[in-house]
Amino acid sequence: MTGAWKKSETYRAIRAALYDSNPISKQILGICSSLAVTVKLSTAIVMSLALTFVVAFSNLVISSMRNQIPRNIRIIVEVAVIATLVIMADEFLKAFLYDVSKQLSVFVGLIITNCIVMGRAETFAMSNPPGKSFVDGLANGIGYGSILCAVAFFRELLGSGKLLGFQVIPDSFYAAGYQNMGLMLLAPGAFIMIGLFTWLENTLLGD
Amino acid sequence: MNEQLKTIVFAFVLCLVCSLLLTAAATGLKKRQVQNVLVDRHRNILMAVGLIGDNQHPAARSIEELYRAKIKELWVDSAGAIVPPDRRGPADLPLYVYYEGKSIEAYVVPIDTRGLWGQINGYLAIDKDGSTIRGFTVYHHSETPGLGGEIERSWFRKKFVGKKITDQQGRFVSIAIAKGSVEQVVPEAHRINYVDGISGATMTGRFLTSGFKDILRNYEPVAVRFRQALMKKKESREGGPDDRSVEEK
């Protein structure tokens, strides 16, 4: 059972998205948003969910239309589908998670131009059946989200001593001279974290 | 079917479906979004007067309850007199008054001004003395994140607390954002009217400074009334926030 599962294409697609060619740590895509929304874990989680939703459903929709899409306007079609999904996600966040959506500000809208979404639509969804494309989108979203949340975890922990807004570093640490790492709150902090993750995956875990 | 025609038909149908979906999402969720924006504004007014702390995130319902209990929305004309809602003109200014029991504690002026990249919207709360700033909040801006965007952060907003919009003689001067640290660039006598600037956000500071000046000048007649304790006197004679007769004057 597990052997057959490991040989299945779905498994390989998931493994590729999460690890072998992770959008952030291997392909170095989507860096802009991962620098901007990882100061806090809560924004990173919401951003990951929004991107996963968009990439999964854009893959599904584009893949199910792939035989009808005229070749000469395919990029326009892809962008139209992606933009529609992004705006829907944005409207949804504004209605149900207003505070988080205010913090994410333009970055939800910028999912439209996120290379991960376009990349999956163009390279995978255009040449694979809907089911597989949906799983591929889901896996890529999770691959992106896993790095995003990991970076945000360390940035929030080291930068403000909190996790999801709750104080986790006890006051006695601060009394003993511990200080929050201000660098982690700035964009360079995210660069360093992403760099460390990339190095960790490439060197320590082997290529 | 002709290849070109097929392309046009496909594009047309796709656009139609996308626009229908977006319209449905936008109109279906509109009510909730408008409500969220309103609660957020009320939260900012309450934060400006100090009823909600910076790290507190009360639920929407308790914000609304607190707002209804403590804040009253008024309109004032250019002379600073209260205008009844049915006789409100286009030149009249909105004013939010913070009541503790029956006495006025502070009033809140909406700050809607130009920023570097777009509109800045916020609230400035001024004590009942008509000159001491009680708090400042920003609920919308398009400034550069990390630079001008810092205006919404509590470390910057806290600097306004206790500053004055009047000089030592009690004359109106507005509140300004210094270019750099107040201690280094502003003479001692004027420090009470300046807050430290944000490095890398000189332009945002400049826009905000001129916005404060224009808006507070418009509200100066109201501030004068507070300074002369006119508002307080009227209130103590005529009753609490629900007393409509206050507005008839």
Side-chain angles (χ1 to χ4, degrees), chain A residues 32-33 35-37 39 42-43 57-58 61-62 65-107 109-110 160 162 164-167 182 185-190, chain B residues 1-41 43-44 54-60 63 117-118 121 138-147 149-150 152-153 155 200:
Chain A
C32 171
S33 57
L35 297 183
V37 301
V39 178
S42 60
T43 50
F57 281 94
S58 78
V61 173
I62 288 163
M65 301 192 301
R66 70 188 188 285
N67 297 325
Q68 276 78 48
I69 297 177
R71 292 293 299 170
N72 46 356
I73 58 161
R74 70 176 198 289
I75 300 283
I76 301 171
V77 171
E78 284 164 19
V79 172
V81 171
I82 293 165
T84 307
L85 288 165
V86 168
I87 296 169
M88 280 171 73
D90 197 24
E91 294 282 327
F92 187 83
L93 288 181
K94 275 189 197 145
F96 294 98
L97 288 167
Y98 187 73
D99 280 348
V100 183
S101 100
K102 255 180 91 172
Q103 286 164 22
L104 289 172
S105 65
V106 296
F107 293 100
L110 284 179
S160 25
K162 295 177 185 174
L164 288 169
F166 295 105
Q167 195 76 37
L185 298 176
L186 306 171
Chain B
M1 212 194 304
N2 175 313
E3 196 64 24
Q4 273 178 342
L5 189 67
K6 194 193 150 199
T7 304
I8 292 168
V9 169
F10 188 91
F12 181 77
V13 172
L14 181 82
C15 289
L16 196 70
V17 172
C18 286
S19 51
L20 281 177
L21 280 173
L22 288 185
T23 315
T27 48
L29 297 171
K30 180 125 195 181
K31 216 177 134 197
R32 273 195 89 97
Q33 292 172 352
V34 171
Q35 180 65 21
N36 283 340
V37 171
L38 203 64
V39 171
D40 188 51
R41 283 189 194 175
R43 192 174 78 96
N44 272 276
D54 268 321
N55 292 317
Q56 285 174 296
H57 295 280
I63 291 174
W117 304 121
N121 303 98
V138 174
Y139 63 89
H140 172 264
H141 71 84
S142 321
E143 303 310 290
T144 321
L147 299 174
E150 295 290 293
E152 66 174 5
R153 305 282 285 269
W155 69 263

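Chain identifiers are assigned alphabetically (A, B, ...) following the order of the sequence lines, protein sequences preceding nucleic acid strands; residue numbering begins at 1 within each chain. Worth saying up front: this structure is predicted, and the values here are computed from it rather than measured.
The two residues B/Ile63 and B/Arg43 come nearest to each other via the heavy atoms CD1-CD, 3.5 Å. Looking at every heavy atom in both residues, B/Gly118 comes nearest to B/Ser142 through CA-OG, 4.1 Å. Listed here is the closest heavy atom pair of A/Gln167 and A/Ser160: NE2-O, 4.2 Å.
Contacts between residues 79-86 of chain A and chain B, defined by a heavy-atom separation under 4.5 Å, are made by A/Ala80, A/Val81, A/Thr84.
For the set B/Leu21, B/Leu22, B/Asp40, the count of heavy-atom pairs under 4.5 angstrom toward chain A peaks at B/Asp40. Annotation: maximal heavy-atom pairing with chain A below 4.5 Å, among B/Cys18, B/Ala24, B/Ser19, B/Ala25, occurs at B/Cys18.
Qualifying side chain to side chain contact (heavy atoms under 4.5 Å, CB included) partners for A/Pro70, counting only residues two or more places apart in sequence or in other chains: A/Asn72, A/Ile73, B/Thr7, B/Phe10.
Screening residues 12-35 of chain B for salt bridge (charged side-chain N to carboxylate O under 4.0 Å, His left out) gives no qualifying pairs among residues at least two apart or on separate chains. Counting only residues at least two apart or on different chains, the salt bridge (charged side-chain N to carboxylate O under 4.0 Å, His left out) pairs with a member in residues 71-80 of chain A are A/Arg74-A/Glu122.
Residue contact with chain A, scored on non-hydrogen atoms closer than 4.5 Å, involves the backbone and the side chain of B/Val37 alike. Both the backbone and the side chain of B/Leu29 come within contact range of chain A, judged by heavy atoms closer than 4.5 Å.
Between A/Ile62 and A/Ile69, the closest side-chain pair of non-hydrogen atoms falls below 4.5 Å.
At most 12 heavy atoms of other shown residues, nucleotides or ligands fall within 6.0 angstrom of atom CZ in A/Phe92.
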